[in-house]
Amino acid sequence: MAHFLDIPYADGLMRRKSSIASSVLARHYINNASRSINSSCAQINESDKANDTNHKVFVQLNELTGSGENQEWKQTARWIKYEENLEEGADRWGRPHVAALSFHSLLNLRHCLETGVVLMNLEANDLSIVAHRVVEQMVARELIHEDDKPVIARALLLRHRHVNENTHGGIFYGSRRRLSSFTSILSVKNDSRKPRIIPVVEINGGQSEMRLNINDESYTSSQEDIKMCTILKRIPEGAEATTVLVGTVDFLEQPTIAFVRLAEGIPMPSITEVPIPVRFLFLLLGPKKTDLDYHEVGRSIATLMSNEHFHDIAYKADDREELLSAIDDFLEDSIVLPPSKWERQGLLPFEELKARSDMIRLRKKKALDEMIKSKQPSLVTSEEEKKLLTVGGGGGGGDGGSDGKKPPNNPLEKTNRLWGGVINDIKRRYPMYKSDIMDGLNTETLAATIFMYFAALSTAITFGGLCSDKTDNLIGISESLLSDAIFGMVFHLLAGQPLLIIGTTGPLVLFDEALNQFCISNDFNFLTVRVYVGCWLVVIALLVSAFEGSVYVRMFTRFTQEIFSALITLLFIFETTIKLVSVYVRHPLLSEYVYKNITVAPLLPMPCLEVSNGTTSIGLLENNLTMVVNGTLGLASNIDHLLIPEDTRGPRNQPNTALFCTILMFGTFSLAYYLKLFRNSHFLGRTARRALGDFGVPISIAIFVLVDYLTPQVYTEKLSVPEGLSPSDQTRRGWLIPMGGVPSWLPFLASIPALLMYILIFMETHIAELIVDKPERGLKKGSGLHMDVVLLCVINTVCGFFGMPWHSAATVRSVSHVSAVTIMSRTHAPGDAPHIADVKEQRVSGFVVSVLVGLSVVMAPILRLIPMSVLFGVFLYLGIASMSGVQLFERLRLFLMPVKHHPQVPFVRRVRMWKMHLFTFIQVLALAVMLAVKSSPFAMAFPSFLIFMVPIRIQMEKFFTPLELRALDSSQPNEGAEDEPDFYEQAPIPA
């Protein structure tokens, strides 16, 4: 899609009367239908023989500069995908951008191709032969005089200067080439490839006249060997160059034009910035006194050649008419911006412009289809018509079957067989087991393993500490690390999608808290109840997988996911706030801390009298003595106000503890959040920014643990970690949990919490699977949608017997893992976003990460240094960071925002305001109900309300149109976002 600026139209070109713009366009629209049919049919017939001749194109624009003997071709712009212009003062390339062309220059270009020289499949092996053939054709078409032939040929052979090259010596910032000047041209003999520089006096027989007899000898520019520069890596493999030469000369009376396509690309290193073969040349020379803007015409043809559709036609065209037709098609697909003083805010967003361009293309396709079917049905056969419709639709090809490949299996489609989904997952993945191992033996996987170890360790410590707090230390950091290690290794050995990372998540810990409260209130053994819950989990999982229940995850649309995500996000923030308040309750801020029940010190320093300037400090001594006695022996005037220094939970009423914990918590949160924002800043390189942003949480934990360690004077509650492989509370539990000591009916009643637990595991695991297996991530080995949830339920059954925390797929960690093993392109065009080049789909990284997490148990002395307030900061970060990816919070802001400041997003542009607010209100109401349930004695039932959201969403179809629901409830990627989304924005569940 191109944008144009409207400027006045020129009166004439090449001393011929030019057609006005309206007449050109009128003729184009009259003959458009028949030409499109003929062109499309020709494209179908020639597609097989032309496919192997199409290459990517590198385009450069060289302009003739200087005068007399100082004339040379200077490169002023280049195109790989976007346009880059030379910044004159800095002698470097400017920022890549979409080319903005004038409508007038495109019409002038069209006229140039109508009247100029067009040579297709020219046989030539160097520039001199090309120059000879071009000037011969110019004379034949009476574009130049016979006497102008040597002069134009010499002009074509002038030296070419590129960026970072200096013709006057001095300092150079890049690769340097010494090229022939206007008075020094090469003579290349047929029997030798070695160039020999010939002075101009020898070439012209000592005369000063600029004449060159090109019939006798061939001449080309000289060059030195070119160093491989960075830009060469950005050019696609197999690309060929298009060189555009434009400029003004004194010896021509009218502009002269030539468009040349060589039969095959030939190396012309003297004229190209990079050493790739040249396939196309465009020449425009003419006098200065003309209305033709040579620079803009050169930019126009260069932009057209960089356009994928146009250069495909340029490779396949047989004559000038096909090139002219391609220009007309380019004009049809373009959007013209009227002349005005624009501001950025006044322009439509890119998505809107793209939608309008697609709409124009769709109208063309429909018109073409109707003409084929109604007026000229005999032009094509049924097979050709299918190909033609594909071409009319943009040449993108379909998803299925056009190339003879079998479409991939959709895991969300039923097989209508018992355990059909699980069987398909096994058949699809296990034959690739060897490649899953071999693909992990590389440096990319090693780097991903190191990154994921710190990410997995920090989350294991964080959720282990939270689990310890919620279960009264029955399940703590020791169980969390061991279970992540053992069951992580099992999962990565057997999973259908081994890129998933499993572990304890926020929703599962909150469910354990509710279950623990239920057991305490009913005098049940919490760990024993968990054993029966785990046994029921595997039964439920087998029953659901037998009937392929995993396909119904599609019913959990964005409407339900955002309510669940908002619930977990708010609970993280509330829990952090409550924990910080509890610190202030246990350690209040007081002006004076006087404790009771303090034992008397064995020795007290005896006070002495000091004589200073003839006076004694008896009064000061008396005050100091009183303070020592009162503070040490607890003798205060009012004994009721004495503080308790400790209780069964540990120290209390410690000075500065509350303030220091506040600093640690908000410091951890602030640093982690700043590094998250730094990830998309403009400092450092992309790799360094991503590393700092992705390691934000481990870096924050390490720094503020060090701050706490360097401040031993202030007490802070630390993480409780046992020695070795002992359980968290050895006095109350062992490693194997007994199944007795509960009523006989309790094992059957445990099926209810097991069903609620299964809902959480089902939703978290399947959402993580679908996010990881999105088509844009480029995974090729398939998913384990049906198999993995069964495997996780088996793992959780074992977790119940050993009193370990529940496990599910952790969305944020899984997205982090996939991103870590994704290799981005380094050869994309300047200005273009990096694309996925490869994904290392393997089992090695996850398995090794699990092993390393297990070995971290020996780090118990270090883990005991971690203050709980630092973990509170991590929870606050999890809550705040996850809000950025929830559309519900974005729509809540719009309640307080004037309409003129609303963002240009689909749910604003395509939905009436009151309906958008109604949709948001329904979500807020459902969220409030779930928060109320979570805070009630029935907190354990909150997962069941996720099921109730499904029929509510179905009933909303009666009040909202499909277009409105698509805008409000679809997972459309934000293509216009300038910042790269981090893991929390990509994951709907902050776990």
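We're numbering straight along the sequence, starting at 1.
- Ion pairing between K579 and E717 fails under the 4.0 Å rule for side-chain N and carboxylate O.
- The two residues H786 and V551 make their nearest non-hydrogen contact at CE1-CG1, 3.8 Å.
- Checked against side chain to side chain contact (heavy atoms under 4.5 Å, CB included), D773 has the following partners two or more places apart in sequence or in another chain: Q497, E769, L779, S783.
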Should D788 and H766 be marked as a side-chain hydrogen bond (donor to acceptor under 3.5 Å, both in side chains) after you check the CA-CA gap, both sets of side-chain angles, and the distance that decides it? CA-CA 9 Å; D788 290 345; H766 286 332; over 6 Å; no
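- Taking the centre and axis of the six-membered ring of F959, the NZ or CZ atom of K915 falls outside the cone set by 45° and 6.0 Å.
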Donor-acceptor contacts under 3.5 Å from residues 943-953 side chains, at least two apart:
| unit_1 | atom_1 | unit_2 | atom_2 | d |
| --- | --- | --- | --- | --- |
| S944 | OG | A941 | O | 2.5 |
| R953 | NE | D969 | OD2 | 2.4 |
| R953 | NH2 | D969 | OD2 | 3.1 |

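- Side chain of E548 to main chain of T415: a donor-acceptor pair is present (N/O by atom type, distance under 3.5 Å, no hydrogens or angles).
- Taking 4.5 Å as the limit, some side-chain heavy atom of L760 sits within range of a side-chain heavy atom of F564.
- Using modelled atom types, one side-chain atom of S728 and one backbone atom of G476 make a donor-acceptor pair closer than 3.5 Å.
- Listed for the T797 side chain is a donor-acceptor partner under 3.5 Å among the backbone atoms of C793.
- S458 contributes a side-chain N or O that, together with a main-chain N or O of A455, makes up a donor-acceptor pair within less than 3.5 Å.
- Counting heavy atoms from C-beta on, the side chains of L931 and L567 come closer than 4.5 Å.
- By the 6.0 Å contact criterion, CZ on F695 is enclosed, its count of non-hydrogen atoms from other residues, nucleotides or ligands being greater than 12.
- Between the side chain of D425 and the backbone N or O of M787, at least one donor-acceptor pair lies under 3.5 Å.
- Residues I737 and G803 approach most closely at CG1-N, 3.5 Å, considering heavy atoms.
- Closest approach of P753 and M940 over heavy atoms only: CB-SD, 4.0 Å.
- Looking at every heavy atom in both residues, F572 comes nearest to F875 through CB-O, 3.8 Å.
- I761 places none of its side-chain heavy atoms less than 4.5 Å from the side chain of H807.
- The minimum heavy-atom distance linking S550 with F762 is given by the pair CA-CE1, 3.8 Å.
- Contact annotation: the side chain of V818 never approaches that of L500 to less than 4.5 Å [non-hydrogen atoms, C-beta and beyond].
- For the pair E964 (side chain) and T961 (backbone), a donor-acceptor distance under 3.5 Å is present.
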Applying side-chain hydrogen bond (donor to acceptor under 3.5 Å, both in side chains) to S751 and W536, what does each step give before you reach the verdict? CA-CA 6 Å; S751 61; W536 277 107; 4.8 Å; no
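- A heavy-atom distance below 4.5 Å is found between the side chains of F919 and F559.
- A pairwise comparison of heavy atoms in F942 and P507 identifies CZ-O, 4.3 Å as the closest pair.
- Taking 4.0 Å as the cut-off between side-chain N and carboxylate O, E562 and R891 count as a salt-bridged pair.
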Might you work through the side-chain hydrogen bond (donor to acceptor under 3.5 Å, both in side chains) test for S700 and Y877, ending with a clear yes or no?
CA-CA 11 Å; S700 302; Y877 170 77; over 6 Å; no
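- Looking at heavy atoms from C-beta onward, W806 lies in side-chain contact with V533 at the 4.5 angstrom threshold.
- Residues K934 and L570 have side chains not in contact (no heavy-atom distance under 4.5 Å, counting atoms from C-beta outward).
- Under the 4.5 Å side-chain criterion, counting only non-hydrogen atoms from C-beta, V874 is not in contact with F669.
- No more than 12 heavy atoms of other residues, nucleotides or ligands shown are found within 6.0 angstrom of CZ on F666.
- Between N516 and T471, the side chains place no donor N or O within less than 3.5 Å of an acceptor N or O (distance only, hydrogens not considered).
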